[in-house]
2 protein chains.
Amino acid sequence: MSSEQVVQTPRRRRNAAETRQLLLHVARIRFIRDGYAATTVRDIADDAGVNVALINRYFTSKEGLFEACLGMAASDINRNVDNITLDQITARMANKIATGTDEGRLQDSLMMLLRTSGEERVNVMRREILHAVSEKLAAAAGRPADEETLLRAQIVLATAIGITLLRTSLRLAPIAAADELDLVGPLTDVVNALLPH
Amino acid sequence: MSSEQVVQTPRRRRNAAETRQLLLHVARIRFIRDGYAATTVRDIADDAGVNVALINRYFTSKEGLFEACLGMAASDINRNVDNITLDQITARMANKIATGTDEGRLQDSLMMLLRTSGEERVNVMRREILHAVSEKLAAAAGRPADEETLLRAQIVLATAIGITLLRTSLRLAPIAAADELDLVGPLTDVVNALLPH
DNA sequence: CACACATGTAAATGTTTGTTTACTTAGTCG
DNA sequence: CGACTAAGTAAACAAACATTTACATGTGTG
């Protein structure tokens with residue numbers, strides 16, 4: 001507290017935590033866009049502007065970095081479906097699918113969940129995350145959490161994933177260009193049809 | 001009885017067309033399951049039990065083999081949505097998603113469409129195929145092919161893709177274990193909600 | 001200030017990759 | 001039969017890969 005510090009990104013030239021976060025950030029983008037196998041550690045290091053060896057220093061391996069990115073996606077998704085109500089599902093889906101607020105975009109986290117490194121541990125993680133999400137969607141329906149309700153909740157989830165995929169990865173027109181207003185109508189129809197009050 | 005009968009593979013010892021088809025078959029499985037980058041040409045050659053060089057002989061390159069697989073998927077999908085009627089969509093979706101008749105499984109062709117080699121030409125192909133499919137679904141709705149109808153048809157397509165993804169790639173319970181009968185109800189609700197008569 | 005350690009880098013490691021080359025073998029036909 | 005060609009193989013190729021090693025340097029602390 002003796003000397004004044006810049007509060008926002010003091011841009012210290014050497015900062016482990018900051019570099020770690022930077023690697024996470026750029027790796028996430030690559031993994032989402034290109035997948036695990038098609039992304040090289042040199043791609044990531046170059047994007048971050050740091051040396052390749054730092055990936056192994058901070059994340060042990062490429063695989064470790066990938067799992068860290070998956071963890072980020074998991075918390076992001078959980079934050080968005082936690083304590084959600086049935087009425088909020090449609091609006092939040094349309095909003096989060098359509099609008100990207102730069103950081104922590106829910107659609108990106110959904111796409112991250114579709115990526116795999118091939119490691120079975122990663123596949124188990126992905127299944128657990130998605131299962132938790134579908135249970136929360138089923139709970140929002142306010143009905144007994146039987147298999148039928150869970151199945152219908154997972155079809156809602158499948159729709160969200162499918163739309164996000166057609167939009168971000170395939171860029172299929174016209175759904176890729178649809179905005180929040182265009183989506184909220186059809187999505188309301190789907191959710192009401194699958195999880196009626 | 002010392003007569004040994006090797007009825008197993010009546011495959012002629014040397015047959016270019018047959019070997020080409022075999023490579024296509026095993027490559028398709030690998031590309032769908034592991035993706036383009038994670039699949040090596042040696043994996044494919046070993047699965048087929050032939051030499052690696054034959055891939056380049058028959059398909060010019062790994063990329064060429066991938067595009068051939070994509071072409072297979074395209075015809076398979078087109079065959080299944082051609083001249084489809086609104087009433088058939090739900091039944092066919094439930095049937096094709098749930099039951100796998102070994103060869104030419106529509107769900108596998110859908111998953112193939114989600115794979116990319118990174119080549120832009122491939123991405124253009126994928127977009128064209130999916131756009132044709134959504135136009136045929138919109139036509140089945142029997143309504144003027146306006147943007148709104150096309151958008152809703154693409155959401156139907158997105159649902160099919162999402163369900164297939166959760167089932168085959170992620171193996172998420174319980175949707176992964178749902179049979180035709182379990183799916184036809186919810187799917188009817190979705191299609192009726194999106195493309196009403 | 002000077003030392004020590006955390007932070008970062010350059011270069012080399014041994015595999016694995018897709019592709020090409022040179023060669024062998026099976027099938028066909030005069 | 002005997003050779004000619006199509007079909008298939010083994011080995012070699014350079015490039016790209018993830019990871020490790022040895023070294024350099026910035027930064028906080030005594």
Under 3.5 Å between N/O atoms: give me all the protein pairs with nucleotides 4-8 of chain C, atom names plus distance.
from, atom 1, to, atom 2, distance (Å)
C:dT7, O2, A:R14, NH1, 2.4
C:dT7, O2, A:R14, NH2, 3.3
C:dG8, OP1, A:T19, OG1, 2.7
C:dG8, OP2, A:Y58, OH, 2.5
C:dG8, N7, A:R57, NH2, 2.9
C:dG8, O6, A:R57, NH2, 3.4

* To do: Flag yes if more than 12 heavy atoms outside A:D179 fall under 6.0 Å of its CG atom; otherwise flag no.
  => yes
* To do: Carefully, step by step, assess B:H25 and B:R28 under the rule side-chain contact (heavy atoms from CB on, under 4.5 Å).
  => CA-CA 5 Å; B:H25 177 71; B:R28 180 184 129 104; 5.7 Å; no
* Starting at CD of B:E18 and ending at P of C:dG27, how long is that distance when rounded to a whole Å? -> 12 Å
* **Intermediate values then yes/no, side-chain contact (heavy atoms from CB on, under 4.5 Å), A:M111 and A:Q107** => CA-CA 6 Å; A:M111 289 300 96; A:Q107 46 184 339; 5.8 Å; no
* Can you tell me if CG on B:D146 sees more than 12 non-hydrogen neighbours from other groups inside 6.0 Å? -> yes
* Donor-acceptor under 3.5 Å (A:N78 side chain, A:A74 main chain) -> yes
* Asked: Where do B:L70 and B:F31 land on the side-chain contact (heavy atoms from CB on, under 4.5 Å) test, with the steps shown first?
  -> CA-CA 10 Å; B:L70 206 56; B:F31 285 143; over 6 Å; no
* Asked: Can you tell which of C:dG18, C:dT20, D:dC17 lies closest to the side chain of A:R42?
  -> D:dC17
* **Separation of D:dA12 P from B:N56 CG (nearest whole Å)** => 18 Å
* To do: Please state how far atom CG in A:L65 lies from atom P in D:dC17, giving the value in whole angstrom units.
  => 16 Å
* **Value in whole Å for how far the C1' atom of D:dC17 lies from OH of A:Y36** => 11 Å
* Side chains of B:Y36 and B:T116: does their closest heavy-atom pair fall under 4.5 Å? -> no
* Is A:D46 salt-bridged to A:R42, cutoff N-O under 4.0 Å? -> no
* Verify side-chain contact (heavy atoms from CB on, under 4.5 Å) between A:D189 and B:R152, making sure each step is shown before the conclusion. => CA-CA 10 Å; A:D189 293 343; B:R152 285 175 170 266; 2.9 Å; yes
* Where the side chain of B:S61 is defined as all heavy atoms beyond and including C-beta, which of C:dT19, D:dT20, D:dT19 is the nearest nucleotide? -> C:dT19
* Starting from P on D:dT9, measure out to CG on B:L23 and report it in whole angstrom. => 10 Å
* To do: Any chance you could encode DNA chain C as dot-bracket? Rule is Watson-Crick or G-U wobble with both distances under 3.5 Å; [ ] for pairs crossing earlier ones, | for another strand.
  => |||||||||||||||||.||||||||||||
* Do the charged groups of A:R127 and A:E120 touch, with an N to O distance under 4.0 Å? -> yes
* Asked: Should the heavy atoms of other residues, nucleotides or ligands under 6.0 Å from CD of B:E147 be counted, would the total exceed 12?
  -> no
* Structure fact -> Rounded to whole Å, CG of A:D46 lies from P of D:dC17 at a distance of 11 Å
Any protein N or O atoms within reach of nucleotides 14-16 of chain D? Criterion: under 3.5 Å, listing atom names and distances.
none

* **Whole angstrom value for the distance that separates C1' of D:dA6 from CZ of B:R20** => 16 Å
* To do: Whole angstrom is fine here: how far is it from CD in A:E63 over to C1' in D:dA18?
  => 12 Å
* Structure fact -> Of A:T60 and A:D43, the one whose nearest nucleotide on DNA chain D sits closer to the 5' end is A:D43
